[in-house]
Amino acid sequence: MSENRNYQEPGEYPEDRNAPGKSAEEGWQVPQKEKVNWKKELWEWVKIIVSAAVIALVLNTFIIANSKVPSGSMENTIMTNDRVIGSRLSYLFAEPERGDVVIFRFPDDETIYYVKRVIGLPGDTVDIHDGHVYLNGSEEPLKEDYIREPMIPEEPVHFEVPEGCYFMLGDNRNHSKDARFWKNTYVKKEKIVAKVLFRYYPGIGKIQ
């Protein structure tokens, strides 16, 4: 019997590239981890963040208006501290309609934005007496299902809305500092920023 035992069984050592279950191409090579290009990764994140910021800027400047209502003047349509979304495009090719809820620049201080409901249109006369609103000399009061509660009767007041302007009131009529009390009573169309479409925080609801 030969004492020469200088032989190997297939697959006995890692050097054997033809071991069962391994192809010649695979062999026993240890997979190498790919190096992460941190500069490239960072640049991709920067592009994503900048793109998102630009999109948000364009949306908020030209398409939507996002506003928080800090008071209860529009309850129960819009509650105190509700956040609302308005469309800046609504009046680009159309006129505001009676009953629309709008965001506009407060006529007595245009740095402040208000949210109220359109009641008087250009050329309208608005009379308020006996706790009701009367338009254009009508003997029938304006139907206002949206107001929170009946108006407390006050001294009769009369308004004549100029062309190109609108007369605004709050839905919480007894607790709203609206056009009845402003120094500059009417809101010019160009000062109307957006038509309010819905509230989104803390609850979601369509504005009507």
Side-chain angles (χ1 to χ4, degrees), residues 53 56-129 131 133-135 142 144 146-149 151-202 205 207-208:
L57 179 63
V58 170
L59 285 174
N60 279 288
T61 303
F62 301 106
I63 299 176
I64 66 171
N66 182 3
S67 183
K68 180 181 178 181
V69 181
S71 74
S73 67
M74 284 298 293
E75 294 180 357
N76 289 327
T77 304
I78 302 172
M79 304 304 290
T80 305
N81 292 325
D82 273 0
R83 290 188 175 274
V84 297
I85 289 290
S87 169
R88 294 179 182 270
L89 304 178
S90 293
Y91 303 130
L92 199 58
F93 303 106
E95 300 297 319
E97 297 182 359
R98 195 184 329 279
D100 286 356
V101 176
V102 297
I103 301 170
F104 58 92
R105 291 184 179 273
F106 176 40
D108 291 347
D109 183 353
E110 293 189 356
T111 64
I112 301 173
Y113 291 90
Y114 268 25
V115 176
K116 303 291 182 189
R117 190 179 295 271
V118 176
I119 299 297
L121 303 178
D124 279 351
T125 61
V126 181
D127 288 280
I128 304 176
H129 58 83
V133 175
Y134 297 84
L135 298 174
L142 178 66
E144 298 187 282
Y146 41 74
I147 65 173
R148 178 173 180 173
E149 59 190 5
M151 292 177 61
I152 297 173
E154 299 175 345
E155 288 294 318
V157 286
H158 174 80
F159 303 95
E160 296 181 5
V161 186
E163 291 298 326
C165 296
Y166 296 84
F167 182 80
M168 310 291 189
L169 294 177
D171 287 359
N172 191 2
R173 203 64 51 81
N174 296 323
H175 301 278
S176 175
K177 296 299 182 182
D178 47 40
R180 295 170 292 169
F181 309 105
W182 300 341
K183 179 181 178 180
N184 298 288
T185 305
Y186 308 103
V187 178
K188 296 178 181 179
K189 183 188 175 183
E190 58 266 27
K191 302 303 180 181
I192 297 177
V193 175
K195 177 181 179 180
V196 178
L197 301 179
F198 60 91
R199 50 190 170 85
Y200 68 92
Y201 180 86
I207 300 300
Q208 296 180 335

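Numbers here are sequence positions counted from 1. Any value given below was found using the heavy atoms of this structure, including those in side chains, with hydrogens, waters and symmetry copies removed. Here the structure is a predicted model, which means the values were calculated and not measured.
Taking 4.5 Å as the limit, some side-chain heavy atom of N174 sits within range of a side-chain heavy atom of M151. M168 has its side chain out of reach of D178: every pair of non-hydrogen atoms, C-beta onward, lies at least 4.5 Å apart. Considering only heavy atoms from C-beta on, K195 stays 4.5 Å or farther from E97 through its side chain. Side chains of I192 and Y166 form a contact here, defined as non-hydrogen atoms less than 4.5 Å apart. For the pair I63/S87, no side-chain contact is recorded, criterion being any heavy-atom separation below 4.5 Å from C-beta on. Between E154 and R180 the shortest side-chain heavy-atom distance falls below 4.5 Å. In this structure the side chain of V69 never reaches within 4.5 angstrom of the side chain of N81, judged on heavy atoms. Side-chain contact check for L121 versus E95: every heavy-atom pair is 4.5 Å or farther apart.
R173 contributes a side-chain N or O that, together with a main-chain N or O of G170, makes up a donor-acceptor pair within less than 3.5 Å. At distances below 3.5 Å, at least one donor-acceptor pair connects side-chain atoms of Y186 with backbone N or O atoms of E160. Listed for the R199 side chain is no donor-acceptor partner under 3.5 Å among the backbone atoms of R83. Proximity of a side-chain donor or acceptor of D127 to a complementary backbone N or O of H158 within less than 3.5 Å is not detected. A distance-only check finds a donor-acceptor pair linking the side chain of R105 to the backbone of E110 [under 3.5 Å]. Checked by atom type and distance alone, the side chain of D108 pairs as donor or acceptor with a backbone atom of K183 at under 3.5 Å. Under the 3.5 Å distance criterion, the side-chain polar atoms of D100 are left unmatched by any main-chain donor or acceptor of V118.
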Practice prompt. Determine, stepwise, if the pair V101 / V115 fulfils side chain to side chain contact (heavy atoms under 4.5 Å, CB included).
Written response: CA-CA 7 Å; V101 176; V115 176; 3.7 Å; yes
Worksheet entry | side chain to side chain contact (heavy atoms under 4.5 Å, CB included) assessment of V126 paired with Y134 | CA-CA 6 Å; V126 181; Y134 297 84; over 6 Å; no
Worksheet item: V187 and V102: side chain to side chain contact (heavy atoms under 4.5 Å, CB included), yes or no, with the steps?
Response: CA-CA 11 Å; V187 178; V102 297; over 6 Å; no
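From L197, atom CG reaches atom OG of S90 across 5.5 Å, with rounding to the nearest 0.5 Å. The OG1 atom of T77 sits 5.0 Å away from the CE atom of M74 when rounded to the nearest 0.5 Å. With rounding to the nearest 0.5 Å, the separation of CZ in F159 from SG in C165 is 14.0 Å.
Checked by atom type, the side-chain pair K116/S73 shows a donor-acceptor distance below 3.5 Å. Y200 and N66 form a side-chain donor-acceptor contact under 3.5 Å, judged by distance and modelled atom types alone.
With respect to R117 and E144, no salt bridge is recorded, no charged nitrogen being found less than 4.0 Å from a carboxylate O.
Relative orientation of the W182 and F106 rings is perpendicular, given thresholds of 30° and 60° on the angle between their planes.
Within 6.0 Å of OH in Y146 there are more than 12 heavy atoms belonging to other residues, nucleotides or ligands. For NZ of K189, the number of neighbouring non-hydrogen atoms (other residues, nucleotides, ligands) closer than 6.0 Å is greater than 12.
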